[in-house]
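Working notes, beginning with the structure itself.
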Amino acid sequence: FCLSRGLGDVYKRQVSYLLTVWHATLLGILLAGLALTILPRYLQTLYARRGFVGTLVGALYAVPQPFCSCCAAVMAPAYTRRGSSTEFALSFVVGAPMLNITTLILAFSLLPMPFALTRALAGIVLTLVVTYGVVRLAERWERRSNPRLAVPRAPRGLSAWITRWVNAYLRMFNLDTLVRNRAMDTPAALVSAWLYASARIALVLVPTLFIWSIVTAVLIQLLPTAFGNNLPSVVLAAITGTLLMISTWTEIPVALQLIQSGLTAPAATLLVVLPPVSLPCLMVLGGALRRGRLLALLGLAVIGA
């Protein structure tokens with residue numbers, strides 16, 4: 001009875017949160033549809049830029065796209081096949097959930113100012129500094145262990161099985177395919193493609209946002225009672241938050257719940273580690289890029305941040 005009552009309270013809170021942010025959700029969906037429709041036509045020549053410029057382009061490309069890390073990870077291989085650099089792909093995957101304009105608006109609207117500033121600063125650092133450093137370190141590591149830079153082997157065994165099933169689940173989020181072959185040679189066709197992409201994004205994003213926000217809130221409620229404002233709790237939150245898959249914007253109601261419970265240190269930690277990557281995201285990127293060391297370094301860097 002207590003568990004069902006607690007789940008009912010979680011459900012009510014998440015419905016109230018979605019009703020509060022519906023306008024930002026609608027804006028984010030329209031911006032995402034416009035970005036998918038317009039930006040690839042004009043930024044394709046910038047995808048291949050290497051170094052910090054590629055990282056910066058990936059971050060700017062991610063700003064109008066409110067996707068979770070898994071959605072962005074599914075889109076990244078399509079850009080890689082078009083010739084995008086690793087810097088661009090990694091910056092886009094981390095920047096889409098961390099730096100999209102809708103999330104930042106919600107953070108500064110709903111969170112106390114220190115937490116909103118923490119969320120914004122973490123987005124800048126992880127998207128620009130951490131991803132660039134991870135790519136440089138991984139390239140040096142791979143070059144030292146394999147001077148000829150042979151093509152890495154495809155995943156095998158359990159890793160291949162898990163990757164196949166995760167890819168099957170996340171195929172519905174491959175939003176880049178929505179407008180890839182649509183004609184956009186007239187203003188009417190362009191508007192039609194934009195609205196079509198926005199509608200498909202809404203069909204995927206809204207239910208996923210609702211379901212994963214409830215799942216994450218339930219998991220937060222089931223945390224051990226020893227969870228407090230101390231270093232072990234921060235470490236626990238950093239590790240579990242990095243591996244946990246959530247929908248975009250979900251970190252904000254989770255953090256609000258913890259702040260209202262007085263658990264400010266884990267709340268700040270989860271604001272940093274929940275959005276940028278997750279275990280399914282790393283697995284999808286690992287299967288696409290076939291650079292296990294790069295993704296392992298990215299996960300460790302997020303935990304360390």
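- Partners of L300 by side-chain contact (heavy atoms from CB on, under 4.5 Å), not counting sequence neighbours: none found.
- At least one side-chain heavy atom of P112 sits under 4.5 Å from a side-chain heavy atom of I259.
- T118 places a side-chain N or O within donor-acceptor distance of the main-chain N or O of P114, the cut-off being under 3.5 Å.
- Listed by first and then second residue, the salt bridge (Lys or Arg N to Asp or Glu O under 4.0 Å) pairs involving residues 53-66 amount to none (not counting sequence neighbours).
- Atoms OG1 and CG, on T242 and L298 in that order, are 9.5 Å from each other to the nearest 0.5 Å.
- For the atom pair I101 CD1 and I105 CD1, the distance stands at 4.5 Å (nearest 0.5 Å).
- Once rounded to the nearest 0.5 Å, the distance linking CG of L236 with CD1 of I239 reads 7.0 Å.
- Atoms CG and CD1, from L104 and I252 in turn, are 8.5 Å apart once rounded to the nearest 0.5 Å.
- Note on residues 253-272: no pairs pass salt bridge (Lys or Arg N to Asp or Glu O under 4.0 Å), not counting sequence neighbours.
- Interatomic distance, L99 CG to L128 CG, rounded to the nearest 0.5 Å: 7.0 Å.
- Shown here are the salt bridge (charged side-chain N to carboxylate O under 4.0 Å, His left out) partners of E87, two or more places apart in sequence or in another chain: R50, R136.
- Residues passing the side-chain contact (heavy atoms from CB on, under 4.5 Å) test with T86, sequence neighbours excluded: V135, R291, L294.
- With rounding to the nearest 0.5 angstrom, the CG atom of L243 is 8.5 Å from the OG atom of S278.
- With sequence neighbours excluded, no residue forms a side chain to side chain donor-acceptor pair (under 3.5 Å) with S85.
- F108 shares a hydrophobic cluster with M113, L117; the chain of contacts runs through ILVMFWY side chains whose heavy atoms sit under 4.5 Å apart.
- Note on residues 256-281: no pairs pass salt bridge (Lys or Arg N to Asp or Glu O under 4.0 Å), not counting sequence neighbours.
- The nearest pair of heavy atoms linking P97 to P275 is CG-O, 3.3 Å.
- Residue pairs that meet the ring-ring contact (aromatic ring centres under 6.0 Å, His included) test with at least one member in residues 112-132, sequence neighbours left out, are F52-Y132.
- Minimum heavy-atom separation, A62 to A96: CB-N, 3.3 Å.
- The closest side-chain heavy-atom distance from L270 to V273 is below 4.5 Å.
- Applying the salt bridge (Lys or Arg N to Asp or Glu O under 4.0 Å) test to residues at least two apart or on different chains, the pairs with a partner in residues 248-271 are R119-E251.
- Checking side-chain atoms of S91 against main-chain N and O of A59 turns up a donor-acceptor pair under 3.5 Å.
- Among residues two or more places apart in sequence or in another chain, the side-chain contact (heavy atoms from CB on, under 4.5 Å) test is passed with V234 by A265, T269.
- The side-chain contact (heavy atoms from CB on, under 4.5 Å) check on P276 picks up V94, M98, L126, V302, with sequence neighbours excluded.
- The shortest side-chain heavy-atom distance between P266 and N229 falls under the 4.5 Å cut-off.
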